[in-house]
Every structure is written in C-alpha cells, then in structure tokens.
Chemist: 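I'd like to ask some things about the structure below.
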Amino acid sequence: MQTEIVIPAGKPYDFISTLRSHGWVSLLPNTPDENLSAFSRVERLSSGLVASLEVSAGPGKEPRIFINARIRKRLSKNEISEITKRVSYMLRLDENLQPFYAICKKRGGPWIRFSAGSGYLLRSPAVFEDLVKVICTINIQWGGTKRMVRELVEAFGSPFPPDASLRAFPTPKEIAAVSEKEFNRRVKLGYRSGYVYELSSRIARGELDIGVFMEQAASTEEIKKRLLAVKGVGKYAAASMLMLLGRYDQIPVDTVFRAFMKAKYFQNEDYDEGKALSKYDEWGKWKYLAYWNEMLTHYSQKVEKL
DNA sequence: GTCCAGGTCGCGC
DNA sequence: GCGCGACATGGA
C-alpha cells in the first residue's frame, strides 16, 4: 500500500541543497536517487512496522515536501504523524536560519550566496543513528564510513518485508540482542566496535536515555559534557553531534578543517590552530555554518566526499 | 608492503 | 592540563 504525505516547508527552503550539504544522504538506509534530488529510506516505526519512504520536494521557494510511504497496511493517524515528525526532523523544517542569513547579507561578498533556504544539513531522524554514524567517521576515510554503516544496517536492521534486501537503521535493542563477540564478528568496525556496542547496550538496558542530548533548555556546554561522557566521543565527535542537534557554535577540528584552513588562510604562514579557529569567532552561534559553507565553496561543492 | 584516515583513550608527567 | 603510543580495518 502507498500513502502520500505532504508537509509544507512553511519557510524558504532549499531541499536539494539540504541533500547535498554533506555525505549523510549517502549513508544507509538513506539512498539518494541518481541526480541527488530526492532520497529514499527504510524506516522502522515505534510500533515495529517497517516502511519505505521516498522523500522529494515540489517547486518554489517554500516548497511542499512529499513523502511516498510504502507499507503493508493502511497507515494510522499516529503512524502518519510519526513519519511526518521524523522527516521534518531530518530536514530541519523546525530550524530557523534567518539570523545566519542576516549576518551573511551584512558581510556581503561571497557570503551573499547563502540566501534564504540553503545551508540546512541533513540529519538522521533519531539521535542514536547520528551518534553511531559520527562514531563511524572517526579516524577513517569516507569510503570506510559508508562500508561500516552499510554493514550495520545489513546485519542488524529490520527488513522491509516486500524487499528484505532493504533495511532500516538498527535500534539499540537490535544490536544489543547479540553478544559483543557476535557483534564484532558480524560487523567490522575496528576499534569503534566496542564504542557502538556499549552505547547500544546502555540504551537498551535503560542506563542511558538518548533524550538527554535533545533537551532544548540545557546549555550547549552541558550537552557537550553529556556527549563527551559517551565512550568513543571526543571533541571532534561532540562538535559534530552538536551541529546535528542544531547547535552551530562549535567547530569539529579534524583533518578536513585543518586541510581547508591551511589551503585558504595559511598558505604563507605556519598553521596555528588557535588562529584558525578564531577566524570564525565573530560568527557567534553560527560558527559551524560559516566554516562549513565556506569550506564547501572552496572545494566547489564536491558532494559525495563530505 | 606501507601509510594513514572527518580521532579517542588511557596512561605518565 | 599536555604529550604520546596504541588502536582495527581497509583503501590509497
């Protein structure tokens, strides 16, 4: 059965730019179409039902988002609402980047191109998935990240009944259902394996509530502290997670940041990390977006790699 | 074969 | 608080 769900973006929104904002659209269960202008994804609803979602957008500055949901039965109101919420979260339809655009406009020059509707970075519908995916970007090349995420989905994700080769992202329970030894045998995550398994087990046992990372009222410093308490999450991963949680005031310092800063700002002097970071001080709570968009522009938007 | 990747941990000072 | 080696895995 198919159900079409329509969500008005409700604000200037550039759907294509969201998909191309970084590599997340290429990590399973996300599957981009060949033009990178829409994507599909298998999603396991809280009822345990597994659906396949095709997400695309209509024309216009404030487009409507279309979700074509395939599932065995007719969708209930609750299920439609759940799907709507998850896709809205992925696309960040609830975020407001107007203050960022305003600063860009004021600065002028190349920043003018960041106009209303662009700059939203795709994320996963659930924080657990983003945490695992960020851990899978640590000390590994992008191809390795894709491989590890694929192995996780194929080994532990719930299958989509009409086509069991399509699977959802695993839940913590699905991972914690096997022993750590078995986990290590089924997916080759290198030394990240223990991090992912421990995280999954703690959540599955109820020792860690993933909601603690989403508390809107908590300060960014507080959320950062909670993230750093997760084994496997250091400064880089915490800053990346904060971005995925909609807090843009920290920059993940990694080989990408360093290489870009050296190429753009330190061609004629020795690289200095403090100096590099301070380039974005004036952006306040929008540092990440300033850095990321400048970096994308510098490399002329190489989509697949980042 | 060798190097190292969108780093992090645990140790010793 | 800072420096440093170890760490799994596979691609370059």
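Order of the sequence lines fixes the chain letters, A, B, ..., with proteins taken first and strands second; residue numbering starts at 1 for each chain.
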Chemist: Quick one: is A/K231 getting a side-chain N or O under 4.0 Å of the B/dG10 phosphate, OP1 or OP2?
Modeler: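 Affirmative; the distance criterion is met.
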Chemist: Check every atom of B/dG7, C/dG10, B/dT8 against the side chain of A/A237 and return the nucleotide holding the closest atom.
Modeler: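 When the side chain of A/A237 is considered, B/dT8 is the closest of B/dG7, C/dG10, B/dT8.
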Chemist: Whole-Å distance between B/dG7 P and A/M148 CE?
Modeler: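 Nearest whole value for this atom pair: 11 Å.
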Chemist: Could you give the distance separating B/dC4 and C/dA6 at their C1' atoms, to the nearest angstrom?
Modeler: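 These two C1' atoms come out 14 Å apart once rounded.
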Chemist: Indicate, with a heavy-atom threshold strictly under 4.0 Å, whether A/V134 touches base, sugar-phosphate, or nothing.
Modeler: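 A/V134: no heavy atom of the nucleic acid under 4.0 Å.
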Chemist: Measure the distance from NZ on A/K133 to P on B/dG7 and round it to the nearest whole Å.
Modeler: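 Distance check: A/K133 NZ to B/dG7 P gives 19 Å.
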Chemist: Can you tell me how far P of C/dT9 sits from CG of A/L152, to the nearest Å?
Modeler: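 Answer to the nearest Å: 14 Å.
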Chemist: Are a donor atom and an acceptor atom from the side chains of A/D130 and A/W24 found within less than 3.5 Å of each other?
Modeler: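 There is such a pair between these side chains.
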Chemist: Need one value for A/F257: base, sugar-phosphate or nothing, where a base atom within 4.0 Å counts as base even if backbone is also close, heavy atoms only.
Modeler: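 Since no nucleic acid heavy atom lies under 4.0 Å of A/F257, the category is nothing.
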Chemist: Checking contacts here: which listed nucleotide (B/dT8, B/dG6, C/dG10) is nearest the side-chain heavy atoms of A/K188?
Modeler: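 When the side chain of A/K188 is considered, C/dG10 is the closest of B/dT8, B/dG6, C/dG10.
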Chemist: Expressed in whole Å, how much space separates the C1' atoms belonging to C/dC7 and B/dC3?
Modeler: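 15 Å, rounded to whole Å.
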Chemist: Measure from CH2 on A/W142 to P on B/dG7 and round the result to the nearest Å.
Modeler: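 After rounding, the reported distance stands at 13 Å.
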Chemist: In whole Å, what is the span from the CD atom of A/E151 to the P atom of C/dG11?
Modeler: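 Roughly 10 Å, once rounded to whole Å.
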Chemist: What's A/G232 touching, base or sugar-phosphate or nothing? Going by heavy atoms closer than 4.0 Å.
Modeler: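 Since only primed, P, OP1 and OP2 atoms lie under 4.0 Å of A/G232, the category is sugar-phosphate.
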Chemist: For A/R150 and C/dG10, what is the distance between atoms CZ and C1' respectively, to the nearest whole Å?
Modeler: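 Rounding to the nearest Å, CZ of A/R150 and C1' of C/dG10 are 12 Å apart.
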Chemist: If you measure from the P atom in B/dG1 to the same atom in C/dG10, how many Å do you get, rounded?
Modeler: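 Those two atoms are separated by 16 Å.
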Chemist: Can you confirm whether the side chains of A/S165 and A/D163 place a donor and an acceptor under 3.5 Å from each other?
Modeler: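 On atom types as modelled, these side chains qualify, holding a pair under 3.5 Å.
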Chemist: In whole angstroms, how far is the P atom of B/dA5 from the OH atom of A/Y236?
Modeler: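 After rounding, the gap between these two atoms is 13 Å.
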Chemist: For atom P, what is the distance between C/dA8 and B/dC11, given to the nearest Å?
Modeler: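 Going atom to atom, P in each nucleotide, I get 15 Å.
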Chemist: Please confirm whether the ring centroid of A/W292 lies under 6.0 Å from the ring centroid of A/W286.
Modeler: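 Aromatic pair excluded; centres sit 6.0 Å or further apart.
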Chemist: Do the side-chain N and O atoms of A/Q250 and A/Y236 include a donor-acceptor pair separated by under 3.5 angstrom?
Modeler: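 Absent: no donor and acceptor within the cut-off.
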Chemist: For B/dG7, take OP1 and OP2 only and decide whether either is under 4.0 Å from a side-chain N or O of A/T137.
Modeler: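 No.
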Chemist: Is there a donor on the side chain of A/Y195 or the base of B/dG7 sitting less than 3.5 Å from an acceptor on the other?
Modeler: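 Between B/dG7 and A/Y195, which were checked side chain against base, a qualifying N/O pair under 3.5 Å is absent.
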Chemist: For a quick check under 3.5 Å, do A/Y197 and A/N184 share a side-chain donor-acceptor pair by atom type?
Modeler: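 No - no donor-acceptor pair under 3.5 Å links their side chains.
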Chemist: Pick base, sugar-phosphate or nothing for A/V253, based on heavy-atom distances below 4.0 Å to the nucleic acid.
Modeler: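 Here A/V253 touches no strand at all.
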Chemist: Can you check the A/I140 CD1 to C/dA8 P distance for me, whole Å?
Modeler: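 From A/I140 CD1 to C/dA8 P: 13 Å.
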Chemist: Where each residue is assigned the nucleotide of DNA chain B containing its nearest heavy atom, which of A/P252 and A/L228 is assigned the position nearer the 5′ end?
Modeler: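 Comparing both residues, the 5'-ward one is A/P252.
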Chemist: Hey, which of A/L289, A/I103, A/T297 is the one that makes side-chain contact (heavy atoms from CB on, under 4.5 Å) with A/F114?
Modeler: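 Of A/L289, A/I103, A/T297, side-chain contact (heavy atoms from CB on, under 4.5 Å) with A/F114 is met by A/T297 alone.
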Chemist: How is A/R147 classified with respect to the nucleic acid when contacts are heavy atoms under 4.0 Å: base, sugar-phosphate, or nothing?
Modeler: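 Counting heavy atoms under 4.0 Å across all strands, the contact made by A/R147 is with sugar-phosphate only.
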